[in-house]
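Order of the sequence lines sets the chain letters (A, B, ...), proteins ahead of strands, with each chain counted from 1. No hydrogens, no waters, no symmetry mates; every other heavy atom, side chains included, goes into these values. Please read these numbers as outputs of a predicted model, since none were measured by experiment.
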Amino acid sequence: MTELVIVSGKGGTGKTSLVGSLAALSRDKVLVDCDVDAADLHLILKNKIQKTSEFTGGKQAFIVEEDCTNCGLCPEYCRFDAIKHEELTTGAEKERYWIDKHACDGCGVCVRHCPENAIAFKEVISGEWYLSDTPYGPLVHARLGFAQANSGKLVSLLRQQARLLADKRGLDLIIVDGPPGIGCPVIASITGAGYILIVTEPSMSAMHDMERLLQLTKHFRIPTGICINKSDINPVLTSQIEEFAKNEKVRILGRIPYDPSVTAAQLEGATVVEYDVNGASESVKLLWSNLTEELKE
Amino acid sequence: MGKDVAYLDCDVEEPNGRIFLKPEITEQIDVTVPVPRVDLDKCTFRGECSAACEYHAIAVLGKAVEVFASLCHGCGGCSDICPEDAIEEIPRTIGHISRGVGMGVEFLEGRLNVGEAISPPVTKALKKLAITSDVAIIDAPPGTSCPVIEAINDTDFVILVTEPTPFGLNDLKLAVGMVREISLPFGVVINRSDIGDNKTDEYCHRERIDVLKKIPFSRRLAEAYSRGEMMFGVDSEYEKSLRELYENIAGRSNHD
Ligand code: SF4
Ligand code: SF4
């Protein structure tokens with residue numbers, strides 16, 4: 001089973017639209033949307049959710065007010081400045097300690113130190129994950145709750161579920177739409193993957209993002225290829241990317257010209273290759289055939 | 001913009017502001033997090049540390065203790081619980097902050113080292129530095145989880161930049177959910193406002209969200225952006241538009 005992960009560093013390079021097209025071109029695979037903060041892939045895949053499950057990502061501490069004697073010890077132990085104190089003007093109590101759930105990292109240190117055992121420590125539901133059917137195959141995706149942590153754990157869960165599903169249905173390819181950045185959810189998306197495709201575009205910022213991503217995939221020693229999207233909008237920078245790739249010994253697998261039908265297809269909730277059989281489709285097909293070659297190795 | 005302004009690049013995983021502001025960097029500060037180091041002469045291998053660690057960052061295997069530094073959140077739980085006092089915490093560098101001035105703007109940038117997973121400490125360290133300017137503009141990372149929260153926490157106003165497309169609208173709804181969850185005042189800027197449909201407008205209207213500005217697509221701006229140039233000076237309409245946006249927000253914030 002091969003896992004292909006598509007990443008781009010930052011939004012705006014057209015990565016998700018491209019993943020949609022690859023979904024339409026490839027056969028016998030499971031699709032995964034690992035951009036759990038802002039999952040968009042399903043919007044162009046006409047998905048029907050088959051199963052919804054809760055995601056419990058980690059624990060959180062809560063001060064039980066009835067048991068708290070306002071001794072004031074716990075804030076000293078919290079390295080995440082999550083324990084707040086406030087003076088009260090109404091009611092019987094003069095003051096109150098409480099834990100800011102967005103700042104709590106769930107380390108549990110305060111819990112062990114409370115002399116009154118007034119701090120509860122509980123698993124919290126921090127999102128949902130879904131199994132969907134699409135005309136292109138099964139899709140595993142998720143929605144992290146607002147302002148929640150643990151996106152890396154959720155990504156690992158999605159990939160694990162995708163592998164189980166691929167096994168069960170005898171599918172030997174998993175296509176992963178990766179999250180932005182180079183931090184925790186990206187690392188969770190690429191570790192142990194078979195191949196990484198970096199989608200970039202000829203702009204100074206996208207190139208900078210690409211360089212950092214490439215350092216990351218080298219760090220984890222995962223075979224990597226590059227696709228230049230909107231390659232015709234700045235030919236000078238496009239050739240700079242090509243030069244860079246040559247020096248880094250990374251193959252450029254595709255050059256896709258700017259195509260207004262990418263937005264048009266999205267507005268229709270469709271993939272580009274199906275929406276417009278001319279336009280950028282040819283170059284996307286070429287990208288896919290190059291990718292298939294790489295995946296065989 | 002009339003006042004002293006600082007630019008804080010808090011997109012520490014992919015900091016790009018430098019490309020546009022071309023600052024002269026005068027200072028570099030390492031960002032470190034504490035990680036445990038175990039003194040094996042004192043350790044009795046009871047494994048209380050690994051039982052206490054919520055992040056599986058420390059493991060006792062027979063007569064060895066393994067620390068997985070990249071998983072460690074630096075909470076101090078292990079050294080705190082160790083009955084033998086065998087764990088000491090040592091700083092580990094995970095990124096750095098650069099300081100300088102670019103185009104008359106006070107410039108600060110956080111940069112996470114490649115291969116590191118946990119970025120919020122870099123943002124936190126950056127935001128703790130004293131800024132001399134009156135106004136700080138924070139460039140936040142994408143998403144709705146911890147790195148963004150760290151960047152927008154304790155700010156006076158949040159601008160959500162979106163595009164009028166299905167992806168843009170979906171991401172906007174999630175971002176609105178996030179800023180509402182942490183109760184910060186916010187408004188929306190619709191970029192490339194003429195490339196899609198009017199569902200974003202309708203959504204903002206329905207939700208009573210202020211659309212602060214609509215910026216139509218401009219080939220010239222897109223080209224300037226791709227070359228890493230400032231949009232200012234490229235297009236006077238755009239410049240005027242941004243000035244209005246700035247005045248509009250400055251007018252709301254009582255911090256001036
Ligand atoms: S669990 Fe850890 S992060 Fe949360 S409040 Fe307690 S000490 Fe702070
Ligand atoms: S400092 Fe906290 S996160 Fe790091 S190893 Fe110790 S218990 Fe685990």
Segment of [X] engaging chain A (4.5 angstrom heavy-atom cut-off):
X        : answer
B/Ile19  : side chain
B/Ala52  : both
B/Arg219 : side chain
B/Glu14  : both

Considering only heavy atoms, which portion of [X] lies under 4.5 Å from any heavy atom of chain B: side chain, backbone, both, or neither?
X        : answer
A/Phe121 : side chain
A/Pro180 : both
A/Ser205 : both
A/Asn234 : side chain
A/Ala39  : backbone
A/Ser126 : neither
A/Leu216 : both

Quiz item: Can you list every pair that meets side-chain hydrogen bond (donor to acceptor under 3.5 Å, both in side chains) and has a residue in residues 206-217 of chain A, with sequence neighbours left out?
Solution: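 Output for this query lists A/His208-B/Asn16, A/His208-B/Arg111, A/Asp209-B/Asn16, A/Thr217-A/Thr224.
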Quiz prompt | Heavy-atom pairs under 4.5 Å with chain A, option from B/Ile195, B/Thr144, B/Ile149 with the top count | solution =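 The candidate making the most pairs under 4.5 Å is B/Thr144.
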Quiz item: Taking the side chain as C-beta and beyond, is there a heavy-atom pair between A/Lys230 and B/Ser226 under 4.5 Å?
Solution: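 Result no, sub-4.5 Å side-chain heavy-atom pair not found.
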Quiz item: Nearest heavy-atom pair of B/Pro166 and A/Leu267: which atoms, and what distance?
Solution: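 So the two residues come closest at CD-CD2, 3.6 Å.
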Quiz prompt | For the student: nearest non-hydrogen atoms of A/Gln266 and B/Phe167, plus distance | solution =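 Looking at all heavy atoms of both residues, the shortest contact is OE1-N, 3.0 Å.
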Quiz item: Under 3.5 Å, is there a donor-acceptor pair between the side chain of B/Asn170 and the main chain of A/Ala38?
Solution: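 Side chain of B/Asn170 to backbone of A/Ala38: no pair is present.
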Quiz item: Would you say A/Tyr77's side chain and B/Gly76's backbone share a donor-acceptor pair under 3.5 angstrom?
Solution: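 No.
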Self-check item: Residues of residues 79-91 of chain B near chain A, each having a heavy atom less than 4.5 Å away
Solution: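 If one takes a 4.5 Å heavy-atom cut-off, the residues of residues 79-91 of chain B near chain A are B/Asp80, B/Ile81, B/Glu89.
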Quiz prompt | Close contacts, residues 174-190 of chain B versus chain A, judged by heavy atoms under 4.5 Å | solution =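 Residues of residues 174-190 of chain B touching chain A at under 4.5 Å: B/Leu174, B/Gly177, B/Met178, B/Glu181, B/Ile182.
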Can you give the donor-acceptor pairs under 3.5 Å from side chains of residues 118-130 of chain B to other protein atoms, not counting sequence neighbours?
from: B/Ser119; atom 1: OG; to: B/Glu13; atom 2: OE2; distance (Å): 3.3
from: B/Lys127; atom 1: NZ; to: B/Glu150; atom 2: O; distance (Å): 2.8
from: B/Lys127; atom 1: NZ; to: B/Ala151; atom 2: O; distance (Å): 2.8
from: B/Lys127; atom 1: NZ; to: B/Asn153; atom 2: O; distance (Å): 2.8

Quiz item: Is B/Glu24 atom CD crowded by more than 12 heavy atoms from other residues, nucleotides or ligands, each under 6.0 Å away?
Solution: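 Incorrect, the count does not exceed 12.
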